[in-house]
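Residue numbers start from 1 in every chain, and the chains themselves are labelled A, B, ... in the order their sequence lines are given, proteins ahead of strands. Treat the numbers as computed from the prediction; the structure is a model and nothing was measured.
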There are 2 protein chains.
Amino acid sequence: MGTTQLETVPEPKYWHLRTVLSEALDTEFTVGEILPNERDLAARFGVARATLRQALEQLELEGRLQRRRGVGTTVAPPRMGVAVGTEQHAWPGGAGDDWQPVDATPEVPPAGVAAALETGADEAVHLVRRSLTTHGQPVAAELLYVAVGAVPELAAIDTSAGAARARAVLRELQRLELEGRESAVELGSARADDARQLDRLPGAPVLVVTTRYFAGGRTVAVSVATYRADTCRLTFGDSGGVEVHPDPQPQAS
Amino acid sequence: MGTTQLETVPEPKYWHLRTVLSEALDTEFTVGEILPNERDLAARFGVARATLRQALEQLELEGRLQRRRGVGTTVAPPRMGVAVGTEQHAWPGGAGDDWQPVDATPEVPPAGVAAALETGADEAVHLVRRSLTTHGQPVAAELLYVAVGAVPELAAIDTSAGAARARAVLRELQRLELEGRESAVELGSARADDARQLDRLPGAPVLVVTTRYFAGGRTVAVSVATYRADTCRLTFGDSGGVEVHPDPQPQAS
DNA sequence: AAGTGGTCTAGACCACGTG
DNA sequence: ACGTGGTCTAGACCACTTG
């Protein structure tokens, strides 16, 4: 180590800043504490505000910070674990399912969902909207598409309103035997309506979980659930969905 | 619907741009096609380059675009499905596992991993590095921490090198009976070394999958796998990991 | 009204890949 | 050498929350 390698590959300022701030968060700040405002921080580090913001954006993406317009930037608590894909609530709306039904209406699903449900291009299905709140904070919004053929009993109670109707659809689903399930997780950005429900701005990063439910040899329901990527860690597995360790998990950065 | 609501809540320019570009990608471009460069595009839409870039960033995050410094911006193919958490390859390195062993060394794991493995704070474990490539493109990098007590046979062949040593650790793992597994998915940003492996810049969005492997009543291994969030859709479920539908899945945006 | 984060501009220079 | 995307600046104004 004779010659100290100074900057053969100089890293970007915002990346270095991210590292410095990250370490400061670990050692000098506590959860919930308010950081100095962006203009002050930028001045303190001798960079333009845009550069500082780039570093803050990274940290927010990683769930270390929470920024709110008009309020300020605070140190975020560790991400909360949210159980998905565990056996305990095979059908949506079953026991131990914390989702809140919002409403249900007939809708023509997007093309991808229609293909999975094997419905016609302009054929309406039940659309159940639900939301998930943990520790008083909105965490996820779900669109659950249910083929009309799967819940034939619903024609009779067609007149029920909002959340009651949503509960009726979910109740009918429980009567079917679930043969299998298949989920996919990908990164997306919140649409305007999702953003409002999740208390974020449009474009905020979200984890989109798409789940197909199989019964009677076909796909009877498709769920598209949108989770706040900054505050959530999605857990899968055989442990029943309980938090085994509330400690922060190893991070990629 | 008498008065058409013009702009009660004017959406940001970059968001509107994102929508316009997104529609253009659907109708006027084909996968792999090169877009005009950022300066031209910005001029064409009458916005500053920074604003245009904000829109492109969104689209890249959503897996619609691929940008490469020195080259240009191209239309990305639909995200590829990558099977994780399916029964078929219970232990890492089993049959039907496409991961490539890179090397294996003794390392002191990060605190979170050490806690899960119930090792001492400064105690070394086996660290196996693996990478996953699909369709010629690097897709994921994994750090697999294996408790030394779980694979006692390895002491004898301690001298083997790189990938051979990695394979040896994986081979020993197969001899244990897997009792359970537990995974979590969260959003992260690529560290410098991950970024290099994944052919991205530092800070690129990644999906971090943390998996604990249980055997003999305790956690014997912990895997931290880092997937490119722009190109991957992680699939879970009972379908054996095959792509049921190669069509694009319903998107959140 | 004051202070915060969010958006936007018009420029400059740098790092990288390709010809 | 050139063209690309990536970084950075110094400013302005807007949207929002709070006292």
Integer-rounded Å distance: [N] [atom2] and [X] [atom1]:
| X | N | atom1 | atom2 | result |
| --- | --- | --- | --- | --- |
| B/Arg67 | C/dG17 | CZ | P | 16 Å |
| A/Leu41 | C/dG6 | CG | P | 13 Å |
| A/Asp199 | D/dC16 | CG | P | 13 Å |
| A/Glu57 | D/dG6 | CD | P | 15 Å |
| B/Asp40 | D/dT4 | CG | P | 7 Å |
| A/Arg200 | C/dG5 | CZ | P | 13 Å |
| B/Asn37 | D/dG6 | CG | C1' | 14 Å |
| B/Gln58 | C/dT7 | CD | C1' | 13 Å |

query = Is the CZ atom of B/Arg49 crowded by more than 12 outside heavy atoms at less than 6.0 Å?
reply =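 Result for CZ/B/Arg49: enclosed.
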[X] side chain to [Y] backbone, donor-acceptor under 3.5 Å:
| X | Y | result |
| --- | --- | --- |
| A/Arg79 | A/Ala229 | yes |
| A/Thr27 | A/Glu23 | yes |
| B/Glu33 | B/Thr30 | yes |

key: For B/Arg53, all residues meeting salt bridge (charged side-chain N to carboxylate O under 4.0 Å, His left out), sequence neighbours excluded   = B/Glu38, B/Glu57
request  = Go through the structure and list residues passing salt bridge (charged side-chain N to carboxylate O under 4.0 Å, His left out) with B/Arg228, not counting sequence neighbours.
outcome  =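 Per chain and number, B/Arg228 pairs via salt bridge (charged side-chain N to carboxylate O under 4.0 Å, His left out) with B/Asp230.
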task = List the protein contact pattern of nucleotides 8-15 of chain C with one symbol per nucleotide (5' to 3'): B for base contact, S for sugar-phosphate-only contact, - for none; contact means a heavy-atom distance under 4.0 Å.
result = SB--BB-B
Side-chain N or O of B/Thr73 closer than 4.0 Å to phosphate OP1/OP2 of D/dG5 =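 Yes, because at least one side-chain N or O of B/Thr73 sits under 4.0 Å from OP1 or OP2 of D/dG5.
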ask   = What nucleic acid atoms does A/Arg53 come within less than 4.0 Å of, heavy atoms only: base, sugar-phosphate, or nothing?
value = base
message = Mind checking if A/Leu56 touches a base, just sugar-phosphate, or nothing, with heavy atoms under 4.0 Å?
response =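 The answer is nothing, as A/Leu56 stays clear of every strand by at least 4.0 Å.
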query = Parallel under 30°, tilted from 30 to 60°, perpendicular over 60°: which one fits the rings of B/Phe236 and A/Phe236?
reply = parallel
